[in-house]
2 protein chains.
Amino acid sequence: MVKIKDIAEACQVSIGTVSKALNRSHEISEETTRKIIKKANELGYVANSNARSLKTKRSYSLGIIYFDSTNSGLEHEYFSVMLNGIKKEAEESGYDVVLISNKIGGLKNSYLSHAKYRGCDGVIIVSADFKNPKITTLVESDLPTVTIDHLFHNRTSILSDNVKGLETIVEYLHDKGHKKIAFIHGEDTEVTRNRLASFYRTCQKLKLDIPDSYIKEAQYHIPKYSGLATRELLALEDRPTCIIYPDDYSYLGGLTEIEKHKLKIGEDISVVGYDGIYLSRVLRPVLTTYVQDSNKIGMMAARKLIEMIENPKTYIPEQVVISGYLQQGKTVKTLNSL
Amino acid sequence: MVKIKDIAEACQVSIGTVSKALNRSHEISEETTRKIIKKANELGYVANSNARSLKTKRSYSLGIIYFDSTNSGLEHEYFSVMLNGIKKEAEESGYDVVLISNKIGGLKNSYLSHAKYRGCDGVIIVSADFKNPKITTLVESDLPTVTIDHLFHNRTSILSDNVKGLETIVEYLHDKGHKKIAFIHGEDTEVTRNRLASFYRTCQKLKLDIPDSYIKEAQYHIPKYSGLATRELLALEDRPTCIIYPDDYSYLGGLTEIEKHKLKIGEDISVVGYDGIYLSRVLRPVLTTYVQDSNKIGMMAARKLIEMIENPKTYIPEQVVISGYLQQGKTVKTLNSL
DNA sequence: TTGTAAGCGTTATCAG
DNA sequence: CTGATAACGCTTACAA
């Protein structure tokens, strides 16, 4: 592995000079710089980021912390699109992206130590489980941090507009004449609490009286559970006319169940999803769902984190809300005929 | 940031002793080790991987090189599931995953230099474009490398069984009585060439005579292009009875076109996809497609790479073929009635 | 404009 | 079993 010293010898200059030339310092004459760069290329020199970071305390890398119980989070389109957004934006500014694990040398570490260990300049936290102490210690540390879909005190977070999301959905359903609206929500997270609160508030505003039996919990992204919840809803004496699902995948569990009951979607029963993944558009009937712009969420997270890293003194924590929109598919029936 | 030296001072021992104790060296007495570890925890010590890597020349990180023209590769389920497989396996062995970009400090670099720069112990190459010199220089280097879906001389690669895939599909269609089989294939890559060769070979074996007009090219993952190809196929005087698509997404482009022609899938025209993404199972009718086990491909890539890294002397390059299977959906009509 | 040398936080060798 | 010390490859005052 050729290093600065080799170039120095080959060019008959000192290593300091080489280092400066390679970093395009104006201290060094153009001629020497040119000579050094030429030789570096000839020898196939590649800098060593470990040595550099050790000295400069900057790594130009962003850590991504993803933590979910199923260990398959990256597979979900909401996250993979977000990750792609993060990567694109990071790349733009010359940062690499490190997927932080919590094991090193066989020993479990907190994410905090691990991100520090790796020397990441900052960390994006995308977690389903913000109550986990592994996560919280990180946020409380001095490492620049951006959280997604979760608010921490005095920290930057990028938030999908869950409140507006549920409000939009409920108002839309109300416009269409629905009064008996069921809501299958995901497990207890900040996102879920926001959606649920917004659901209730909007129903109250519109004078919709929702019985407790219309509210079910089913883990996100697991169709089976939403299927079970759907079955319970369909078994009710006073069936809802519409079911809101925790996410588009979960709707598929409901779909199976609804088909079993020989009900026609958008006709005998209406449904609404959440996320607006590609799937929702290619299903027939096209799913009515609230589209989250996860690409933008990812890009914004990376951009804000980099801002924070590069302007530690002047940066002020902020909450960025990325808004989505309602995709009007064919799964909601118009009940009133205006 | 507390370092080894601080612990040494606090414990009244030398830094060498601390280093050894922290690495559980048996050179150090149990008592001293215990004392040092206790103090390290108290002080919130976190090792510095940059310093460590600088010395040991090992980073416990795997680079992932993804390169595609659309810059949205990670969004495809085939890749996101693969990435998740890589991550899970890497984590198991205490490695982190770095998404290698090709820009650093605003300057474009080859992936090779960049992976070396980052000090990755090895690299997994998942690329749509193996002809790109940025990629080839990497493979020709001394860095441990695993390629996915592409064979390099004397290198380890993980391959999806594209040959068996097309063979299985064509034989299945032949069994069902199809003789007029069209094949829309992706852009020219090794994967495509394998599939195409296998398609032709199997047709020959089964004495199926396929006119050139039945073979179309359409970029992977872009429904629109497969839609156009589908339109051309449907316009033929002697229409095919079945169309094989480059991937499940691309089928959706075909779907739209077929619907425009008021043809019923699985009835008036048969279709087969490739990949077996989640979508294929929830579409109605369920898509007949060849399922690739991309999770396993990812896991195997990471596992082999780590083997190579940890046993550089004894490791022998190998080609690992991960086999898939045919998912018999409802999109292929039985033409013969046996 | 260039050179010198200290030091970033570790590990590893060798001596005690 | 423990300590001293020389690297690892680079950046950066400071000196020349």
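Just so we're on the same page: letters track the sequence lines, and every chain starts at 1.
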* Asked: Does the side chain of B:D96 come under 3.5 Å of the side chain of A:Y117 through a donor N or O and an acceptor N or O?
  ->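 A:Y117 and B:D96 do not have a side-chain donor-acceptor pair below 3.5 Å.
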* Does any donor atom in the side chain of A:S49 or A:Y60 lie under 3.5 Å from an acceptor atom in the other side chain? ->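 No donor-acceptor contact under 3.5 Å links the two side chains.
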Which is true for [X] with a 4.0 Å heavy-atom rule: it touches a base, it touches only sugar-phosphate, or it touches nothing?
X: B:K5; answer: nothing
X: B:V2; answer: nothing
X: A:S19; answer: base

* Between B:G16 and B:L54, who's closer to the 5' end of DNA chain D by nearest nucleotide? ->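 It is B:G16 whose nearest nucleotide is closer to the 5' end.
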Which whole-number value in Å describes the distance from [X] [atom1] to [N] [atom2]?
X: B:I4; N: D:dA4; atom1: CD1; atom2: P; value: 15 Å
X: A:I15; N: C:dT1; atom1: CD1; atom2: C1'; value: 17 Å
X: A:I7; N: D:dC10; atom1: CD1; atom2: C1'; value: 12 Å
X: B:R52; N: C:dT10; atom1: CZ; atom2: C1'; value: 8 Å
X: A:H26; N: C:dT1; atom1: NE2; atom2: P; value: 10 Å
X: B:I36; N: D:dC1; atom1: CD1; atom2: P; value: 13 Å
X: B:I28; N: D:dA4; atom1: CD1; atom2: P; value: 13 Å
X: A:N48; N: C:dG9; atom1: CG; atom2: P; value: 16 Å

* Determine, for B:E91 against B:K88, whether the closest basic-nitrogen to carboxylate-oxygen distance falls under 4.0 angstrom. => no
Residue-phosphate contact under 4.0 Å: [X] side-chain N/O, [N] OP1/OP2:
X: A:K55; N: C:dC8; answer: no
X: A:K57; N: C:dG9; answer: yes
X: B:N23; N: C:dT11; answer: yes
X: A:S29; N: C:dT1; answer: no
X: A:Y117; N: C:dT10; answer: no
X: B:T56; N: C:dT10; answer: no
X: B:S14; N: D:dT2; answer: no
X: B:T32; N: D:dT2; answer: yes

* Between C:dT2, D:dT11, D:dG3, which nucleotide has the shortest distance from any of its atoms to the side chain of B:K20? ->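 Minimum distance to the B:K20 side chain belongs to D:dG3.
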* Do A:I125 and A:F152 come within less than 4.5 Å of each other through their side chains, counting heavy atoms only? ->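 Result no, sub-4.5 Å side-chain heavy-atom pair not found.
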